[in-house]
Amino acid sequence: MIEEKYSPYAIETKWQKYWEDNKTFKVEMDKSKPKSYVLEMFPYPSGNLHMGHVRNYSIGDVVARFRAMQGFNVLHPMGWDSFGMPAENAAIKHGIPPAKWTLENIENMTKQQKALGLAYDWDREIATCKEDYYKWTQWFFELFYEQGLAVKRKSAVNWCDNCNTVLANEQVIDGKCWRCDNEVHKKDLEQWFFKITDYAEELLDDLNLLDGWPERVKTMQKNWIGRSEGLEFSFDIPALNEKLPVYTTRPDTVQGVTFAVVPPEHPIVEKMLTGNPNEAELRAFCDKVRNTSDIERTSSESVKEGMYTGFDCVHPLTGRNVQIWITNYVLFDYGTGAVMGVPTHDARDWMFATKYNIEKILVIQPEGSELKLEEMTDAYEDDGVMVNSGKFDGMKNTDAMAAIMDEIEALGVGKRRVNYRLRDWLISRQRYWGAPIPVIYCPQCGEVLVPEEELPVRLPENISFDTGSVSPLAACESFVNCKCPKCGGDAKRETDTMDTFLCSSWYYLRYTDPKNTEMPFDKDVNDYWGPVDQYIGGIEHAILHLLYSRFFLKVLRDAGLVSYDEPFSRLLTQGMVIKDGAKMSKSLGNVVSPEEILEKYGADTARLFIMFAAPPERELEWSDQGVEGSFRFLNRVWRIVHYFSNVLDEKVTTYNTEALDDADKELRRVLHSGIKKVTDDIEQRFNFNTAISTMMEIVNALYAYKDAKKDYNPGLVHETISNLIKMLAPFVPHITEELWQGAIDANSSIHDQSWPSYDESAMKVDNVEIVLQINGKVRGRLVVPSEATKEELEKIAMADETLKASLGDAQIMKVICVPGRLVNVVAK
RNA sequence: GCCGGAGUGGCGGAAUUGGCAGACGCACUUGACUCAAAAUCAAGCGCUUCACGGCGUGCCGGUUCGAGUCCGGCCUUCGGCACCA
C-alpha cells in the first residue's frame, strides 16, 4: 500500500532508521565478488554542511549505489579531516578546547549527512584527530624517516604571520597564505621536509597511467612538477679559485653570455663581499633585495636591479671575461641558484643588460631575415641559425643545442641535467591541533625517533593558547620535557606538528581496515579494496592533496605496504555550487543552506535537483524554481505509481511480447531504450543530468499510456514501474524504497535489487520517420519500415510526390541514403 | 607569455560515430477543472515572416551530398602556472 500523498519527511526518517537498523550498507572483504571502491573527499568538520558537500556526496552516493546494484562489492566510507587551524582558532577566540569543538562539529555534521540518506558503511568512520588514527600518521613519519625521506633542514621557508606557522610551497597561492590570504614571507628556519622531489620523475611519468583523470588536473600537476631539460656547467672564478655553476635550458646561446648573475643568498656572495672595496654598498644592496617581499621580488613586472661585484669569471668555451653581478631576479632555490646572462636571447637579460650597459652579442639569426643589434628593442627568443659561435656557425640552433652540450661534456666543465620546479614538502607546523612529530632531541644522542611501542605521542590537553609567538606545544613543559629513548637522559620533544595534508594523504587506505590495532592496515585487505576506483572531490585539491597522496602511496609501495602504483584510478572533479552567478558566501548573502531545503522538500528532492541541474564537472547554478521542478517530478512519479497500484497488486510480472498493441509497444520501447540510455549515462559518461531526463521521459510515457487505453497490460506495467523505480533508486533512495516496498515487494529492499537490463528487440520499431532532403535542406518527411535498406529507401523516396514536386526539372546527381535517418537528393 | 577548458533559445542544459539543432527541465502563453485561486492535466513556446519561406550553435574561411561536431585562422571568457633561466 502506498499513501495517496507523497510526504518526504515521514518517508525519509522511516527508511534512514531502517537502513541503519539493518546495516544495509555494511561491507566486508569478499574475494569471490568484484570490488568497487567509491570515495568522496572527506570533509573538514567546520560545523555545518554546505551545498558543495551535498553535491559531492550525492554524486558519490549515486555511483556507489549504482555499482552495488550492478553486483559489485562496494566500499563507500566517510570520515573526518579533523586536525587543523579552525579548531585552534575557536579555542583562542572562545576558549573551547579544539578536541571538544571538533567532536561536536563532527556530531552535528554526521547528523546532517545521515539526513541525506547516504549509503555509507558508518562502521568504518575515521577521524584524523583521534589517537587510533594519528598513531599511524606518526608511524608513517617514522617510516619516511627510516627511508631517508623525512629530513630536518635549515632553509628559507614560507611563513604566515597570521597563522603563525610555516607553509608548504603548495600552500602559497599568489604569494599569499592558502587559508587566510595573508601575505607570506620568507624566514630562515630548521624544519622537517618530506623529500617529494625524489619522486618527481615518477609523479610526472605516472600521470600517463591516469586515464580516468581529467586532463585539466593532470596538466596542473605536470606544470607544478615542472620538468625541464638543460645543461649545467661552470665558470671559473680565478680570483677566488672557485667555480660558479649555472643551469640553462638554452645551451645554444652560451656563446652569447656576457655576464653572470647571482642572488644575495648565494654562498659565493659572501666570499666576494669580504674585503671588497665596495663592500658597504654591496651589502646594502643585498639587504635591500632580501627585504623586498616575495611577491615583489618574483613578479615578472618588477624592475631588474643589480650591482657589479668587481669579480669576473671565465667563459669555458670562448675564454671571454664575464662579469659577475648580484641581482634581484634570480631564484636561489632553483637549478644551481646562479644564471648565465645572454642579453640577446633572453628577455630578462635584455632588460638588465640594457639598463647597465652590458655588452650584447647576437648568436642566433632568424631564418629569412637579419637582425641588427643596434635596431633590436627586445631579445630574440625564437629559433634560427647560429652566428658568432665559432665552429657552430651555420647550424640550426636546435641542432647546436646537442652539439654544444656534447662539447661542454667533452671538456669536462658541465653536463646535461634535468631540473624540476617541484620543491620538497615542508611538513612542520608551529601549531597545536595536529599530529605531533614523533621525534626527541637528546643532548647526547641527537635526533631520536620515539619507539614504535610508545606511539602515539599524545597531544596534551588543558593547554594554554595564550602563548604569544611560541606555539602552544612549545610552551607546554610537561610535553616538551621527556627522557631520551636511547640513553634515558633528559631530552626535549619536537614541538611542531605535522601538516594536516599528511593526515589526509593516507586516509583512503585506513578505510579498508579501520579497526586494525597492529598495523595502519592489513596488506591483503588493502590490496583487495585498493586502489580507489572512483574518487570525487573539488578541483581545489588538484595539486595539494592529490599530489601528496600520490607521493605517499608510492613511498608505501616501495616499502612493500601496498601492491599498486596510484591511489585513485578515476577522478571526478565536481564544479562549484553557485547562486546568481557567484559562489555562495555569507558576505554576498546568496547562501542556501542544505538544512532549509531538506526541511522544505526532503533529501530526495535536494539530491535529484543537484544531479539534474548540471553535469557534475560543471558549475551548478542554484535555482529555487529548479528545486520546485524536481519536487514536482517526484510527486509525478508518486502519483503515477499510485494510479497503477491496483494493477501492480495483481502481481503479474510477465507478459507475452508477441501480443502487444501499439500503446504497449511504445511504452515498452521507451522503457528499454531508456534503460540502455540511463545505464550508459551513469556508467560511461557520468551524465547524471541526462540519465534523469531519460527517466522523466519514461514517466511521461507512463502518463501517455495511462490515457491511451483502459485495459492495461499488467505485466508490462509492472516491468515499467519496477524498473523505473530501480533506476531512480541511486538518485532518490527514500521515495523509491517506499514505492518499492509499498507497491512492488514488501519483503525486500530496493537497495538489494539488481540493476535492470534491457532487451534490444524491444527498442525496435516497425516504422520510422525519416527526413527527405534536397541538397541538404529538409524538404519533407516520410514514414518508412525501419528495416528498409538503402536501395529500398531510395526507391520509396524517389516515388514520393512531394519530393518530385520540389525537385521539378532539376537533374539528380546523386542520392544519399542513411537507413533510419534520411534520404538526401543531390540535384542541379 | 606558456598550458588547459568553455562559448548553443529568456534560463539550466541536450545532440554518444559528421546525418531532422534545441531532448529533459525552468520561465512564459493558452485551454480544461474550480465560485475563485493553488495544485493537477492538456497544448504551445529559437529568431523572422500574414504565409510560402528565410535565418540560426562566438567570428572568418575550408573539407563534405551534409558541419554544433572535422581542418586552418581569429575573438571572448574561465582556470592553472609564470623572473624556474
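Naming: A, B, ... by sequence-line order, numbering from 1 per chain. As a basis for the values below, the full set of heavy atoms in this structure was taken, side chains included, without hydrogen atoms, waters or symmetry mates.
- In this structure, the CD1 atom of I543(A) is 12 Å from the C1' atom of A82(B), given to the nearest Å.
- Distances shorter than 4.0 Å separate some side-chain N or O of S228(A) from OP1 or OP2 on A85(B).
- Taking both residues in full, the closest heavy atoms of T258(A) and E359(A) are given as OG1-O, 2.8 Å, listed atom of the first, atom of the second, then distance.
- Between the side chains of N328(A) and K304(A), no donor-acceptor pair is found at a separation under 3.5 Å.
- Minimum interatomic distance between R550(A) and L546(A) (heavy atoms only, all atoms of both residues): CG-O, 2.9 Å.
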request  = Do nucleotides 1-17 of chain B as a string where each nucleotide becomes B, S or -: B if the base has a protein heavy atom under 4.0 Å, S if just the sugar-phosphate does, - if no protein is that close.
outcome  = --SS-------BSS-B-
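- In this structure, G9(B) is classed as syn because its glycosidic torsion stays within 90° of zero.
- Checked against C24(B), A85(B), A42(B), the side chain of Y703(A) finds its nearest nucleotide in A42(B).
- Residue contacts for E628(A): at a heavy-atom cut-off of 4.0 Å it reaches no nucleic acid atom on any strand shown.
- You'll find the side chain of I326(A) stays beyond 4.5 Å of the side chain of P263(A), heavy atoms only.
- Among the nucleotides C83(B), G19(B), C65(B), the one closest to the side chain of K304(A) is C83(B).
- Rounded to an integer number of Å, the gap from M220(A) CE to A82(B) C1' is 14 Å.
- Neither side chain, T398(A) nor D383(A), offers a donor N or O lying under 3.5 Å from an acceptor on the other.
- Residue Y601(A) contributes atom OH, which lies 12 Å from atom P of A39(B) at whole-angstrom precision.
- In terms of heavy-atom proximity, I361(A) sits nearest to T344(A) at O-OG1, 2.7 Å.
- Inspection of the E628(A) and Y601(A) side chains reveals an N or O donor paired with an N or O acceptor under 3.5 Å.
- Among Y356(A), F352(A), W350(A), the single residue meeting the ring-ring contact (aromatic ring centres under 6.0 Å, His included) criterion with F259(A) is F352(A).
- Nucleotides of RNA chain B nearest to M696(A) and G335(A) differ in position, and the one nearer the 5' end is that of M696(A).
- There is a side-chain donor-acceptor pair under 3.5 Å between R636(A) and N700(A).
- Applying the 4.0 Å criterion to OP1 and OP2 of A85(B), one finds that Y329(A) has every side-chain N and O outside that range.
- Nearest approach of V826(A) to N775(A), heavy atoms of both residues: CA-OD1, 3.4 Å.
- A gap of 45 Å separates the C1' atoms of G5(B) and A51(B), to the nearest Å.
- Distance, E697(A) CD to G22(B) C1': 13 Å, rounded to whole Å.
- Within the 4.0 angstrom heavy-atom criterion, no nucleotide atom of any strand lies near R227(A).
- Rounded to whole angstrom, the span from the CD atom of E769(A) across to the P atom of G19(B) amounts to 18 Å.
- The I816(A) side chain lies nearest to G19(B) when the options are C24(B), G19(B), C83(B).
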ask   = Can you check side chain to side chain donor-acceptor pair (under 3.5 Å) on S228(A) and Y334(A), steps first, answer last?
value = CA-CA 11 Å; S228(A) 85; Y334(A) 180 79; 3.2 Å; yes
request  = Would you write the dot-bracket representation of RNA chain B, where each base gets (, ), [, ], | or . depending on whether it forms a Watson-Crick or G-U pair under 3.5 Å and with which partner?
outcome  = (((((((..(((......[....))).(((((.......))))).(((....)))..(((((..]....))))))))))))....
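- For the C1' atom pair drawn from A82(B) and G19(B), the interatomic distance equals 45 Å after rounding to whole Å.
- Contacts of R421(A) with the nucleic acid, taken as non-hydrogen atoms under 4.0 Å apart, include base atoms.
- Within the 4.0 angstrom heavy-atom criterion, no nucleotide atom of any strand lies near S630(A).
- Among the heavy atoms of the strands lying under 4.0 Å from V771(A) is at least one base atom, whether or not backbone atoms are also near.
- Note on V261(A): nothing from the nucleic acid sits closer than 4.0 angstrom, heavy atoms only.
- Within 4.0 Å (heavy atoms only), S623(A) reaches no atom of the nucleic acid at all.
- The side chain of R632(A) places an N or O atom within less than 4.0 Å of a non-bridging phosphate oxygen (OP1 or OP2) of A27(B).
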